[in-house]
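Here is the structure we will look at.
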Amino acid sequence: MNAVEIQGVSLRYGNMTALHELDLHLEAGEVLGMFGHNGAGKTTTMKLILGLLTPSEGQVRVLGQAPDNPDVRRRMGYLQENVMFYPQLSGRETLQHFARIKGASRQQADGLLDQVGLAHAADRRVKTYSKGMRQRLGLAQALLGDPRLLLLDEPTVGLDPIATQDLYVLIDTLRQQGTSVILCSHVLPGVEAHINRAAILAGGRLEAIGTLGRLRNEAGLPSRIRASGLQHRERLLQTLSLEHSSIRPLGSDGIELTGTSSGKIELLRQLLNQDQPTDIEIFQPSLEDLYRYYTERAGKALVAEEKA
Amino acid sequence: MNQIWNIARKELSDGLRNRWLLAISLLFAVLAVGIAWLGAAASGQLGFTSIPATIASLASLATFLMPLIALLLAYDAIVGEDEGGTLMLLMTYPIGRGQILLGKFVGHGLILALAVLIGFGCAAIAIGVLVEGVELKLLIWAFGRFMLSSTLLGWAFLALAYLLSSLASEKSSAAGLALGVWFLFVLVFDLVLLALLVFSEGKFSPELLPWLLLLNPTDIYRLVNLAGFDGANAMGVLSLAEDLPVPGAVLWLCLLLWAGLALLLAYAAFRRRAA
């Protein structure tokens with residue numbers, strides 16, 4: 001059973017269309033990164049999954065049921081962007097309040113405070129918390145009741161680099177335990193290694209979805225291979241087969257090959273057959289490159305559409 | 001049921017923490033004791049006069065105070081949580097909007113009931129202990145009726161506060177609406193009714209006019225407390241009620257109905273509010 005199943009969902013407010021025929025599914029134990037500019041439809045999609053919005057068309061199923069089903073909500077955790085709490089309650093009181101509503105235990109609430117590194121500030125009022133601390137409390141709140149589905153909207157905002165890294169490790173652990181995660185973020189570096197698939201939204205449309213490998217192939221953005229410490233550089237410059245790729249010298253004994261992602265293995269094989277480089281570096285199109293490519297493509301399509 | 005209590009206990013503990021409960025109880029106690037002993041000072045009498053006179057003075061004061069306190073306590077219940085960002089989070093939990101609203105009503109309602117019980121209850125005990133020859137049965141009966149009706153009046157205005165809190169898009173406009181509701185029911189309504197009575201010169205159906213009193217919870221409240229004493233000095237529009245052919249129990253029911261209907265309307269408005 002898929003954790004999330006969104007079929008042909010459109011959402012309209014009057015004349016404005018917030019989402020266009022969205023199809024999206026999330027498998028159990030999968031981490032999906034959802035990226036897009038402000039207003040691209042990320043938070044709207046999350047609100048649909050949370051059952052806070054009802055689609056104008058199409059269907060949303062979460063954990064096999066309607067999203068506003070209380071049983072589903074008990075098994076779902078959500079960290080909203082800029083999460084806010086009751087300022088007069090302490091961190092511990094906050095978490096216990098939400099634990100009671102979710103049917104989670106006091107012990108779990110206290111354990112989570114420890115897990116997110118807030119044990120030292122547990123009895124301080126939330127209004128004295130920094131943004132990062134509030135974010136940690138928000139994460140602890142989302143983890144109440146061992147959710148099968150976790151929705152994280154900008155979870156790294158306000159977190160220092162170490163806390164961000166801790167969050168990613170936590171996401172990896174949860175994934176191994178079979179939890180499905182949707183992660184919305186503006187901060188792209190560092191996310192790549194922790195997601196199974198990426199979805200890029202633009203203007204309320206799903207512009208691209210897939211593993212990073214697939215998106216790289218589809219986008220046809222160049223990969224670069226740099227090799228150094230070569231003994232036969234001049235010969236290599238002549239003989240390497242260069243279909244869909246280019247080659248140029250680099251430094252005194254290195255070369256840089258530029259080609260499509262799909263061709264890089266073949267190039268590497270040829271390189272290693274003909275020489276023994278002391279070092280090889282591979283630069284693949286990053287998530288930022290892909291994000292830029294797809295959002296620009298969406299922008300161009302929109303301009304063309306408006307002209308037509 | 002459990003979820004309703006989960007919300008209610010937070011409101012209750014908020015009320016204890018920010019000293020609302022303490023402040024209202026103290027206010028009630030001081031006012032009640034003051035009125036009991038000094039209420040007749042204007043007519044040249046010092047000291048406790050009688051239970052009916054005390055209750056009548058207390059009731060006319062509570063007519064102003066209870067609605068104001070209830071509105072202050074609850075005007076930001078929905079819109080405040082929305083602005084604070086916690087409402088949306090709460091709505092992603094396995095709890096319905098009806099449960100959230102009822103939970104708040106139970107929590108705030110208990111705060112009001114406790115404040116009335118502590119504040120006016122202390123005054124009643126003080127009268128019972130300090131005044132010689134006071135008729136205890138009458139004291140308990142009169143104060144019991146007064147405290148119960150005051151609580152019901154508070155509940156009706158709590159429910160009205162949720163209604164406007166669900167309708168308002170900002171906390172400040174909810175505060176403005178709350179003030180408007182207070183003015184309407186506590187001050188304007190009776191004046192309009194009097195004006196209607198005077199200027200219609202009898203053309204307006206005289207049978208209908210008394211029924212209009214039931215459209216205002218504060219008027220019902222005053223009727224309930226006046227009806228307790230034979231020949232009590234009904235003033236202003238309330239004298240109309242002498243023509244009102246309803247028994248006292250119906251007035252109580254009307255007060256309850258007010259709270260219930262306003263709560264239903266609040267629920268309807270809250271359901272329509274965007275997440």
Side-chain angles (χ1 to χ4, degrees), chain A residues 11 13 18 43-44 46-54 62-63 65 67-90 93-104 125-127 134 137-139 141-142 144-145 147 149-153, chain B residues 1-23 73-74 76-104 106-108 111 165-166 169-171 267 270-275:
Chain A
L11 188 73
Y13 300 107
T43 301
T44 306
M46 285 215 172
K47 283 187 173 182
L48 278 168
I49 297 170
L50 288 160
L52 295 176
L53 293 173
T54 313
V62 180
L63 302 170
Q65 300 188 60
D68 57 355
N69 182 314
D71 282 335
V72 170
R73 291 196 166 165
R74 250 182 285 277
R75 288 179 291 153
M76 191 155 58
Y78 173 53
L79 171 59
Q80 76 197 77
E81 191 177 356
N82 283 323
V83 63
M84 299 296 279
F85 294 105
Y86 305 106
Q88 74 279 15
L89 298 190
S90 71
E93 288 166 332
T94 301
L95 219 50
Q96 283 175 355
H97 175 61
F98 285 106
R100 279 191 290 268
I101 297 176
K102 212 167 185 179
R125 291 190 180 198
V126 171
K127 69 174 164 198
R134 255 192 358 245
L137 187 59
L139 184 65
Q141 163 277 135
L144 283 168
L149 171 64
L150 202 55
L151 304 176
L152 306 174
D153 201 350
Chain B
M1 204 58 221
N2 217 352
Q3 294 292 46
I4 295 172
W5 178 242
N6 284 333
I7 300 293
R9 65 185 278 178
K10 178 188 167 289
E11 296 300 338
L12 207 55
S13 79
D14 282 356
L16 286 174
R17 189 191 303 253
N18 58 26
R19 309 221 161 66
W20 258 96
L21 182 59
L22 184 71
L73 193 63
D76 67 343
I78 304 297
V79 71
E81 283 223 17
D82 199 353
E83 271 187 19
T86 45
L87 185 63
M88 190 175 130
L89 188 62
L90 202 55
M91 291 206 286
T92 66
Y93 274 72
I95 182 167
R97 293 187 188 210
Q99 289 171 319
I100 294 175
L101 193 67
L102 267 180
K104 288 188 175 273
V106 171
H108 289 143
I111 291 174
S165 194
S166 302
S169 54
E170 283 167 46
K171 211 164 131 175
Y267 177 58
F270 186 26
R271 267 184 53 159
R272 289 180 45 165
R273 194 181 176 91

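Lettering of chains follows the sequences in order, A, B, ..., and the numbering in each one begins at 1.
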Might you work through the side chain to side chain contact (heavy atoms under 4.5 Å, CB included) test for A/Leu52 and B/Met88, ending with a clear yes or no? CA-CA 8 Å; A/Leu52 295 176; B/Met88 190 175 130; 3.8 Å; yes
Minimum heavy-atom distance B/Glu81-A/Tyr86, with the two atoms named: OE1-OH, 3.0 Å
Quick one about A/Gln88 and B/Asp14 (side-chain donor to acceptor, distance below 3.5 Å, no hydrogens or angles considered), yes or no? yes
Report the C-alpha distance between A/Met76 and B/Tyr93 in whole Å, list the side-chain angles of each, state the deciding distance to 0.1 Å, and finish with yes or no for side chain to side chain contact (heavy atoms under 4.5 Å, CB included). CA-CA 8 Å; A/Met76 191 155 58; B/Tyr93 274 72; over 6 Å; no
Here the gap from A/Arg100 atom CZ to B/Lys10 atom NZ, rounded to the nearest 0.5 Å, amounts to 10.5 Å
Do the side chain of A/Arg73 and the main chain of B/Met91 share a donor and acceptor less than 3.5 angstrom apart? yes
What part of A/Leu144 gets within 4.5 angstrom of chain B, counting heavy atoms only: side chain, backbone, both, or neither? side chain
Is B/Arg17 close to A/Leu89 at the side-chain level, that is, under 4.5 Å between some pair of heavy atoms? yes
dist B/Glu83:CD -> A/Met84:CE (nearest 0.5 Å) comes out at 11.0 Å
Kindly give the heavy-atom pair with the smallest separation between B/Leu90 and A/Phe98, and that separation in Å. CD1-CE2, 3.9 Å
Under a 4.5 Å heavy-atom cut-off, does chain B meet the side chain of A/Ile101, its backbone, both or neither? both
Check whether any side-chain heavy atom of B/Leu89 lies under 4.5 Å from a side-chain heavy atom of A/Gln141, and answer yes or no. yes
By a 4.5 Å heavy-atom criterion (distance strictly below it), what part of B/Asn2 contacts chain A: side chain, backbone, both, or neither? neither
Most heavy-atom pairs under 4.5 Å with chain A, out of B/Pro94, B/Ser13, B/Gly96, B/Gly85, belong to B/Pro94
Tell me, yes or no, whether the heavy-atom count around B/Arg271 atom CZ, taken from other residues, nucleotides or ligands under 6.0 Å, exceeds 12. no
